[in-house]
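A quick write-up on the structure given underneath.
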Number of protein chains: 4
Amino acid sequence: MHAEQPVRTGRAKRLPRAVRERQIMDAAVDVFSRLGFHAASMDEISDVAGISKPMLYAYLGSKEELFATCIRREATRMMEAIAGGVEAEAPPDVQLWSGLRAFFGFVGENRASWQVLHRQASSQGGPFAEELADMRGRAISLVAALLVHSADFGNVPRAGDKEAESLAAALVGAGESLADWWLDNPEEPAGVVAARLMNLVWMGFGDLVAGDVWHPPSRRPESVADGAPVS
Amino acid sequence: MHAEQPVRTGRAKRLPRAVRERQIMDAAVDVFSRLGFHAASMDEISDVAGISKPMLYAYLGSKEELFATCIRREATRMMEAIAGGVEAEAPPDVQLWSGLRAFFGFVGENRASWQVLHRQASSQGGPFAEELADMRGRAISLVAALLVHSADFGNVPRAGDKEAESLAAALVGAGESLADWWLDNPEEPAGVVAARLMNLVWMGFGDLVAGDVWHPPSRRPESVADGAPVS
Amino acid sequence: MHAEQPVRTGRAKRLPRAVRERQIMDAAVDVFSRLGFHAASMDEISDVAGISKPMLYAYLGSKEELFATCIRREATRMMEAIAGGVEAEAPPDVQLWSGLRAFFGFVGENRASWQVLHRQASSQGGPFAEELADMRGRAISLVAALLVHSADFGNVPRAGDKEAESLAAALVGAGESLADWWLDNPEEPAGVVAARLMNLVWMGFGDLVAGDVWHPPSRRPESVADGAPVS
Amino acid sequence: MHAEQPVRTGRAKRLPRAVRERQIMDAAVDVFSRLGFHAASMDEISDVAGISKPMLYAYLGSKEELFATCIRREATRMMEAIAGGVEAEAPPDVQLWSGLRAFFGFVGENRASWQVLHRQASSQGGPFAEELADMRGRAISLVAALLVHSADFGNVPRAGDKEAESLAAALVGAGESLADWWLDNPEEPAGVVAARLMNLVWMGFGDLVAGDVWHPPSRRPESVADGAPVS
DNA sequence: CATGAATGAGCATTCATTCAT
DNA sequence: GATGAATGAATGCTCATTCAT
């Protein structure tokens, strides 16, 4: 994972800007993931990064900018890791499966990144939530497209976009939650856990598309809608 | 939902302690859900509650105590709402379905509570995270028990506890994520959304139990395990 | 010493004003002596007194007034205890001796009063210091008068008032310090400790009056005056 | 004495850490001596020091730490001033005399230090009182050792340690009180006042050692012990 | 370029004091 | 008379941010 230098002493060596920037962001991701946005202090970040606070500001701007930059970088890294594991020409189920595997792989190897993305980012108000929600939204859309594409293959009346999107949201949430569960229960290999989710979702989705649905014994499920007005 | 009085002026009317306490906690849940624990200030909470800060402290103790009390109250409310919608004698699928309906119903009617529980609580270090993680863990265990119970019905070799638990974690995460999605896309009735999740999960789970599983076209899914060492 | 009722419950019984007042002041002296003026809170005082805060204010006014009243009462009690032990017609040495005995007796029996008078009162700015300094000044003056009177008896050129006053100040300070020492070393009876001080001072004073003084071996003691300008 | 700038305006000039630290402590001693620990606010101290509050905390830690540091510094300064004025090889009376002179000299030149040490430190609970009481205790022990040493010279049955200690406590208290009196009556030179105390104590002590003691006319002085039970 | 030194602004918390019942 | 409920005004302390060297 990202390196740290707990205490710093003396003058920092002059380094090319790009290297410095990465060094700082590594430190920032580490600190943010451990303490969360608010509890993390610029003092600690600069300490961990091994530079002085004015440098921190010179390179990455304000605390908010720094956080946003971290999130963007980590989100990009994750998206790229996933995209890199997926073959665009493969059939939908294979794409989904490869994506899941890549996702679990990334989470396992980048715990700090994952913590920042999953836990910290969503809990802040301000501009972060929006940015992160955007990225998450894009991920959901990609999955939704996959689902739609797959359903098309099956000669079935095309499911509404909204239906696919909602299922994609559920799938993404399931993946996130399962990833967290896996971090707490690491005795099972990532592949097994990922496969389990793949099975659950893909088979369920197949049944759904095939019209093979579950029915409540007596009442129609829609009946609940009456009791849940959206304010 | 909970009322607010942005600015307060003059002396607050004398109220019995219990009423004031609820009033304050409503305000606190509102503010915490909007800003998160750290960004929420006791000043704002007391403003929203329509009282002065000393009352806040007299009634609910420190900021941490207040937050913990809020979380506990909202978590209890949600658990009770769900438990109240589930018949203990019903078959597992019906129980799951009722639980889902009750969950979506609660989220729809208590957005602030949901935000606090879902977003804020997990992102703080300290004692909150633990407490909340405990409750989530209990919820997952309940669902896992349901799954195990259901699988037993089917004369199938009993799924390992870990397998059930992981699936339950996925299901809970899917529910959370779908609830969030629904709050952003409220045009579909809660029942429809909940039913979709129910279908996906239950049918998929049925296939899983029946041994009707998805296979990657060429490589065994386990192969991914090699690339995801747990550090 | 003064009684306490740690916790109070229900409505206080109606009592004649004088009794209530004494009750309150006993509590206040107790709390002030334990915590000092600033650290003592009106909340704690009212708790210990067994009444509500508004009563506290109704009876004794502000915190400063309460403190001043306490000091005045305790100082008066002490002065009266001492005066009561001294026979006005007795020769000066006997008067001094009786006064010392009475002083040590009072301190032994009223530790809280003594703490308030000695430690708390002098450390506050404000009007207390002045009031207390006044009382202490009066005590010093009384002792000084005794010394002057005694010297007159001895057919000696009357010592300057200032000289007597300074010696009285020294004696009072010695008594205070010795009383504190005695509270920390209670194994010796008060009478023994008091007698020791009496001896030291009276014999030394006798020598002084008799012109039997100590001389530095080589240099005149006054030489130090040059190095100690008063700013 | 220490300089003050009641109001501060603009940014403070950059100073090396050590200088600023002394500047701050000078201000703190000044404020603490005027107002006492509790009434002194960090705001006022930083104002008087001519810096902002964060600097105060950066350099000296919390209010308690600052106070403790002040006390330690001033106590050390005073002890050193006194020790520096005393020749270790001189006979006991000369040592006592030099110590007294040095003490009065220090008090005259460092009123604020003296106030902090004498008035504020003893009135606080917490760790200060203990620390200060320790130093005072050490001072008393030193004086007691001097007295014992001196008595030994006189071929007299060695006075009990407790007796010497109590007399030392009386002497120290007399010195403190006389110093306060002198600050209020500065028309007499320090040397004269100090000499007066030296005379009183030394001659009285000589008589005591010589067995030349004062006796109450009729009753034995010990009789008072009955009336002073130690609770 | 790099940093030690500096600060404005805010936050949690407490306390003396007073209404309204 | 007596009290629970209420508050204005500090106070200790921290943090993101920026000069001056």
Side-chain angles (χ1 to χ4, degrees), chain A residues 8 10-15 17 20 38-46 50-59 61-66, chain B residues 8 10-17 19-20 38-46 50-59 61-66, chain C residues 8 10-17 20 38-46 51-59 61-66, chain D residues 8 10-17 19-20 38-46 50-59 61-66:
Chain A
R8 183 175 61 86
R11 204 175 193 79
K13 275 236 310 265
R14 290 189 53 165
L15 291 177
R17 180 165 190 122
R20 257 292 140 77
H38 267 104
S41 78
M42 295 298 263
D43 260 299
E44 173 146 10
I45 293 174
S46 67
I51 55 156
S52 66
K53 259 194 300 180
M55 279 289 94
L56 195 51
Y57 280 88
Y59 278 111
S62 73
K63 190 185 183 187
E64 294 215 339
E65 284 177 81
L66 172 59
Chain B
R8 187 174 59 85
R11 187 169 262 249
K13 264 233 327 249
R14 282 185 68 143
L15 288 180
R17 188 174 182 112
V19 175
R20 260 289 134 80
H38 268 106
S41 80
M42 294 298 262
D43 263 299
E44 172 142 13
I45 293 174
S46 67
I51 55 155
S52 65
K53 258 193 301 180
M55 281 284 92
L56 202 50
Y57 282 89
Y59 282 172
S62 71
K63 190 184 182 185
E64 291 217 341
E65 284 178 83
L66 173 58
Chain C
R8 183 176 62 86
R11 204 176 190 77
K13 274 234 313 261
R14 289 191 51 164
L15 289 177
R17 182 168 187 117
R20 258 291 140 80
H38 267 103
S41 78
M42 296 298 263
D43 261 299
E44 172 146 11
I45 293 174
S46 68
I51 55 157
S52 67
K53 260 192 302 181
M55 281 287 93
L56 194 53
Y57 281 87
Y59 277 112
S62 74
K63 189 185 183 185
E64 293 216 340
E65 284 177 82
L66 172 58
Chain D
R8 186 173 61 86
R11 186 169 263 248
K13 264 231 331 246
R14 282 183 69 145
L15 287 180
R17 188 172 184 115
V19 175
R20 261 288 133 81
H38 268 106
S41 81
M42 295 299 262
D43 263 298
E44 173 144 11
I45 293 174
S46 67
I51 54 154
S52 65
K53 254 192 307 178
M55 282 284 93
L56 202 50
Y57 282 89
Y59 283 174
S62 71
K63 190 184 182 186
E64 293 217 340
E65 284 177 83
L66 173 58

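Below, each value reflects all heavy atoms present in this structure, side chains not excepted, and no hydrogens, waters or symmetry copies. In what follows, chains carry the letters A, B, and so on, assigned in the order in which the sequence lines appear, proteins first and then strands, with residues in each chain numbered from 1. Keep in mind that this is a model prediction, so the values were computed, not measured.
What separates CG of B:Leu56 from C1' of E:dA12 is a distance of 10 Å, to the nearest Å. One atom, NE2 of D:His38, and another, P of F:dT11, lie 12 Å apart when rounded to the nearest Å. Computed from coordinates, the C:Asp43 CG to F:dA5 P distance equals 13 Å when rounded to whole Å. Atom CG of B:Leu15 is separated from atom P of E:dA20 by 14 Å (rounded to the nearest Å). With rounding to whole Å, D:Lys13 atom NZ is found 12 Å from F:dA20 atom C1'. The distance from atom NZ of C:Lys53 to atom C1' of E:dT14 is 11 Å, rounded to the nearest whole Å. What separates NZ of D:Lys63 from P of E:dT14 is a distance of 15 Å, to the nearest Å. Counting to the nearest Å, the P atom of E:dG8 and the CD1 atom of D:Ile51 are 12 Å from each other.
Contact record, D:Ser46 with D:Lys53: OG-CG, 3.7 Å, taken as the closest heavy-atom pair. In terms of heavy-atom proximity, C:Ala40 sits nearest to C:Lys63 at O-NZ, 2.8 Å.
The phosphate of E:dA2 (OP1 or OP2) has a side-chain N or O of A:Arg20 nearer than 4.0 angstrom. At the phosphate of E:dA2, OP1 or OP2 sits under 4.0 Å from a side-chain N or O atom of A:Tyr59. Distances shown here put every side-chain N or O of D:Arg11 at or beyond 4.0 Å from the OP1 or OP2 atom of F:dT18.
Residue-level contact check: D:Met42 touches the backbone only, with heavy atoms under 4.0 Å from sugar-phosphate atoms and none from bases. Residue C:Ala39 is classed as having no contact, given no heavy-atom separation below 4.0 Å to the nucleic acid.
Pair assignment for F:dT21 gives E:dA2, based on Watson-Crick or G-U wobble hydrogen-bonding distances that are each under 3.5 Å.
For the atom pair D:Ile51 CD1 and D:Leu56 CG, the distance stands at 5.0 Å (nearest 0.5 Å). We find the CD-OH distance between A:Glu65 and A:Tyr57 to be 10.5 Å, quoted to the nearest 0.5 Å.
For B:Tyr57 and A:Met55, each mapped to the nucleotide of DNA chain E holding its nearest heavy atom, the one lying further toward the 5' end belongs to A:Met55. Residues D:Ala40 and C:Pro54 each lie close to DNA chain F; by heavy-atom proximity, the contact nearer the 5' end of the strand is made by C:Pro54. Nearest-nucleotide positions on DNA chain E place A:Arg17 closer to the 5' end than the other of B:Gly61 and A:Arg17.
Judged by distance alone, the side chain of D:Glu44 and the main-chain N or O of D:Ser41 form no donor-acceptor pair under 3.5 Å.
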